[in-house]
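Below, chains carry the letters A, B, ... as their sequence lines are ordered, and counting in each starts from 1.
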Protein chains: 2
Amino acid sequence: MKSPIKSTEYREPQATTEELDVTLIELLFFAYRDFTSDPDAILASYGFGRAHHRVLHFVNHWPGLTVAELLDVLRITKQSLARVLKQLIDTGYIVQVQGPRDRRQRELYVTKKGHELAVELALPQSRRIRSALEEAGIKDRAEVERFLRAMVNPELRAQLDRSHSSSGTGEGGT
Amino acid sequence: MKSPIKSTEYREPQATTEELDVTLIELLFFAYRDFTSDPDAILASYGFGRAHHRVLHFVNHWPGLTVAELLDVLRITKQSLARVLKQLIDTGYIVQVQGPRDRRQRELYVTKKGHELAVELALPQSRRIRSALEEAGIKDRAEVERFLRAMVNPELRAQLDRSHSSSGTGEGGT
DNA sequence: ACAATTACGTCAGCCATATTGACATATTTA
DNA sequence: TAAATATGTCAATATGGCTGACGTAATTGT
């Protein structure tokens, strides 16, 4: 490699020094960036952002979720959630129901409109995943799932169990 | 004082309607969230954010990168880059060198300090990836790579080739 | 040679999303 | 009843995106 300038100020070109997994680090960056780009475009037309997407997704997938549980899943603060949640409620995508057992709680549910938007947002992502699995010739889809799952902090994997009891596509939807 | 719940107001619990890959959608969300959390904590102690990380990473991995190329990789605007790049330059993590072929260009290089920080940030991510591969019992690591690569927009996969070919920009580097 | 284009820097302002800390209210629990 | 809990909200702040406009230096094309 060449260095146009001789100085101690900057380094010679170099890629990886140690056991740095630059390849997978970058692949995760690029993959996630494009993975979120599809819903982002749709959201923009609704005047929503990525934060709304996350809320809508989890409420749709996990109906009756309380505010505290949602905060725990998203790992954001109450104040950050408040704004987007209020917007989603005001515009009729999500409704709150007083908790039946504990009336301090607010159970969250998507409306029909909310469900439809959640599906609209999940579709392009699912399509992208499906074609990626095909294109990459993945024989054992469970392997990819296990890898991604193992990337999650161990103490937070409980969240995964809560949101989908077992692995696989089928969630028993009708 | 929420209005009494009407049964048509909210949906009954339901997970997936169609061929929505909720499992992988969520796994990608959780995996990426935790994947970025390690460097985030380190960056905070330096007064930097995720944006600085991305710049530092690509300049470190791809020395001599020009500003225009960096913008193309990050897919952000010049103004968004300007702030963080200026900070990284002012604090001595990155230096600019006038392009040898085209003196309008500014080639970017990490300093020793910059390289060290880039490594410090990449280490926990690489460790996380390594243990995830082990834990998940991935036999064929290339499969995971192929999957993630296939998740990237086809027209942008050229960026992956560029950054993973070890000989720099491939533009001659004369 | 000169005009157009390019690469980069920068100014000014806007928006979305996140943060912390404090405080209010209703409800449950000890 | 007092304390703890679940939620809502206010004010202030930071980060990292965005657009549009403009300036300068250097290169390119005719």
Let me know the distance between CG of Asp40(B) and C1' of dA14(D), rounded to the nearest Å. 14 Å

For Phe29(B), what residues pass the ring pair (Phe, Tyr, Trp, His ring centres under 6.0 Å) criterion, not counting sequence neighbours? Phe58(A)

Residues which pass side-chain hydrogen bond (donor to acceptor under 3.5 Å, both in side chains) with Arg127(B), listed by chain and number, not counting sequence neighbours: none

For Glu134(B), is there an ion pair with Arg130(B) - N to carboxylate O distance below 4.0 angstrom? no

Please give me every residue in residues 45-55 of chain B whose heavy atoms get under 4.0 Å of an atom in DNA chain D, ordered by residue number. Gly49(B), Arg50(B), Ala51(B), His52(B), Arg54(B)

Under a 4.0 Å N-O cut-off, is there an ion pair linking Asp21(B) with Arg128(A)? no

Sequence neighbours excluded, every pair satisfying salt bridge (charged side-chain N to carboxylate O under 4.0 Å, His left out) that has a member inside residues 45-67 of chain B: Asp40(B)-Arg50(B)

Test: Arg157(A) and Asp34(B) ion pair at under 4.0 Å: no

Between protein and nucleotides 24-30 of chain D, map the contacts as a letter string: B base, S sugar-phosphate only, - none, heavy atoms under 4.0 Å, written 5' to 3'. -BBS---

Check whether any side-chain N or O of Lys78(A) sits under 3.5 Å from a backbone N or O of Ala68(A) as a donor-acceptor pair, and report yes or no. no

Tabulate below the donor-acceptor pairs under 3.5 Å that side-chain atoms of residues 79-88 of chain B make, not counting sequence neighbours, or state none.
residue, atom, partner, partner atom, Å
Ser80(B), OG, Thr77(B), OG1, 3.0
Lys86(B), NZ, Asp90(B), OD2, 3.2
Gln87(B), OE1, His52(B), NE2, 2.8

State which residues pass side-chain hydrogen bond (donor to acceptor under 3.5 Å, both in side chains) with Gln105(A); sequence neighbours excluded, sorted by chain then number. none

Looking at Glu145(B) and Arg149(B), does any basic side-chain N land under 4.0 Å from a carboxylate oxygen? no

Arg101(B) and Glu107(B) ion-paired at < 4.0 Å: yes

Between Phe48(B) and Tyr93(B), does the ring centroid distance fall short of 6.0 Å? yes

The criterion is side chain to side chain contact (heavy atoms under 4.5 Å, CB included); which residues satisfy it with Arg103(B), sequence neighbours excluded? Gln98(B)

Extract, from 5' to 3' on DNA chain C, the first and final nucleotides lying under 4.0 angstrom from some heavy atom of chain A. dT17(C) to dT28(C)

DNA chain D contacts among residues 74-89 of chain B, heavy-atom distance under 4.0 Å: Arg75(B), Ile76(B), Thr77(B), Gln79(B), Ser80(B), Arg83(B)

What's the separation between atom NE2 in His53(A) and atom CD1 in Ile42(A), rounded to the nearest 0.5 Å? 8.5 Å

Would you please name every residue forming a side-chain hydrogen bond (donor to acceptor under 3.5 Å, both in side chains) with Gln96(B), sequence neighbours left out? none

Base, sugar-phosphate or nothing for Gln96(B)? Non-hydrogen atoms, less than 4.0 Å. sugar-phosphate

Global bending angle along the helix from dA1(C)-dT30(D) to dA30(C)-dT1(D), which compares the axes of five pairs at either end, to 10 degrees: 30°

